[in-house]
Amino acid sequence: MHGGMHFHTLCHLSSSANTTYRADCCTYDRSETAISGRIRAPNQIFGRPVLTIVIATLALAGCSGPQSALDPAGVEASAVHHLFIVMVIGGAIIWAMTIGVLAYAGRTRPKPISVRGASRLIVWGGVAFPVVVLFLLLSYAVWLMPQVRPWLPGAMDGTAEIEVTGEQFWWRILYLDQTGKPAFETANELHLPVGRRTTFRLKAADVIHSFWIPALGGKMDMIPGRDNSLSLEPTKAGIYRGPCAEFCGTSHALMAFSVVVMEEVDYLAWRAARTQAPVAPQKTSGQELFFRHGCAACHAIAGTPAIGRIGPDLTALGERQTLAAGTLSNTPDAMIRFIRDPASIKPGVKMPAFGMLPDGDIEAISAWLGGLK
Amino acid sequence: MKWLREIETFWTLFTAPTVWALHFLICYVAFAVFCAKQGALALSFDTVRLALGGVTVVALGVIVLSAWLAWRQWGFGTDDPPHDAPTDEDRRKFQGFATLLLAGLSFVAVLYVSVPLLFIGACQS
């Protein structure tokens with residue numbers, strides 16, 4: 001019983017508040033209880049079951065979370081998830097049948113089988129069965145395709161458009177207005193309304209990147225000189241994570257973005273706050289130092305004279321979930337570390353090190369940037 | 001048709017896979033051209049779909065014919081494989097049996113290639 005209870009606790013901790021995976025955990029919980037109930041030897045209670053718990057927890061920990069295709073929060077991801085479940089169950093049944101036949105052949109005493117019987121087994125079991133099963137699975141997958149990639153005419157009409165450009169190693173995000181003209185720019189964090197379809201126009205500035213939000217759908221490559229389109233419809237509010245899904249250089253693994261899916265009212269309010277005339281942030285010594293040390297040559301901040309386009313836009317940096325494109329949590333210490341020596345955190349980053357600045361200056365700049373809302 | 005049984009060529013062996021390859025090419029090239037030139041061609045989506053359905057039926061027919069010829073070459077299954085004796089007779093039967101199996105494979109493959117014809121909804125926008 002101990003094993004079962006432990007498992008439940010661990011499992012609960014490792015998964016988010018997702019009903020599907022909690023339900024799965026309960027299934028494992030029961031089987032674990034059954035095993036522990038049958039076997040009473042102490043070494044087995046504290047030996048094997050514990051190992052099983054650890055392995056199962058580690059395995060299940062990957063099922064949920066902000067970057068899991070198995071914990072869908074969007075129409076496309078749900079279709080992919082459904083396809084995955086059907087294929088896994090189909091594959092498991094076929095595997096069980098094959099192994100069953102193998103076990104039957106290996107364990108029973110061999111008896112002569114007629115040539116006719118053997119031929120029938122080969123024709124039905126080896127030809128007809130796989131042909132029909134594969135035909136059904138293929139038909140199901142092809143039938144599902146438009147839901148996985150809603151690229152048919154009309155699916156993207158009238159949807160809000162966001163242009164996302166992959167750069168080494170961050171994401172330039174340009175919200176477009178209804179006429180397709182730029183409305184405002186941000187970086188490394190997408191805000192999307194729940195229950196509304198958004199079309200992404202995907203570009204790359206330097207090398208090939210790939211846009212993927214596993215919990216919502218995708219992925220789609222971003223190729224220099226080409227515009228690719230992808231449309232996604234989130235179904236659950238929450239914060240998700242999108243990694244770059246195509247190797248793009250030394251910091252490829254450190255190139256990610258946050259996706260904040262909001263209720264439509266909140267989204268409209270957020271968008272309105274961005275599109276109306278920007279309010280100049282409070283002037284502090286940090287702002288003065290930001291300009292004196294040349295940060296504005298690369299970074300833009302709405303409401304200030306900073307209009308640099310080389311690095312990410314830093315407007316409302318204090319509101320973002322992460323720093324350095326999903327690499328660091330958004331804390332003053334992390335920002336100070338990044339300003340001091342960006343390449344030690346993200347190898348290959350274009351931003352030079354500013355470790356030669358006095359500590360007080362870096363702290364003031366960081367405090368000002370962190371306060372931008 | 002007597003010459004068909006006497007002539008020694010590998011082409012009977014390749015007939016069905018060649019039909020499979022041609023069917024594959026015709027399906028994919030036809031839809032690629034149709035979708036690229038949507039305005040320029042006076043054809044509806046369903047016309048292309050039906051035409052390719054017709055091509056599929058013809059392809060399956062040719063494969064069935066090839067299978068029947070192969071079955072005949074194999075001697076209608078009177079002898080069992082492996083047909084590995086160094087004689088003209090066994091060579092002929094071996095080829096017939098191999099052709100029959102390839103025809104079966106090609107028949108299934110043509111069916112699989114045709115699955116999207118049933119479900120395809122429109123060209124990608």
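Order of the sequence lines fixes the chain letters, A, B, ..., with proteins taken first and strands second; residue numbering starts at 1 for each chain. Note: hydrogens, waters and symmetry copies are ignored here, and every other heavy atom, side chains too, is used.
- Annotation for A:His82: atom NE2 does not count as buried by contact number, only 12 or fewer foreign heavy atoms lying within 6.0 Å.
- Applying the 6.0 Å contact sphere to CZ of B:Phe45 captures more than 12 heavy atoms from other residues, nucleotides or ligands.
- We find the CZ-CG distance between B:Phe119 and A:Leu144 to be 11.0 Å, quoted to the nearest 0.5 Å.
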Quiz item: Can you check side chain to side chain contact (heavy atoms under 4.5 Å, CB included) on A:Phe135 and B:Val108, steps first, answer last?
Solution: CA-CA 9 Å; A:Phe135 187 82; B:Val108 172; over 6 Å; no

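- The local environment of CZ in B:Phe76 is crowded, with over 12 non-hydrogen atoms from other residues, nucleotides or ligands closer than 6.0 Å.
- Proximity of a side-chain donor or acceptor of B:Tyr112 to a complementary backbone N or O of A:Leu138 within less than 3.5 Å is not detected.
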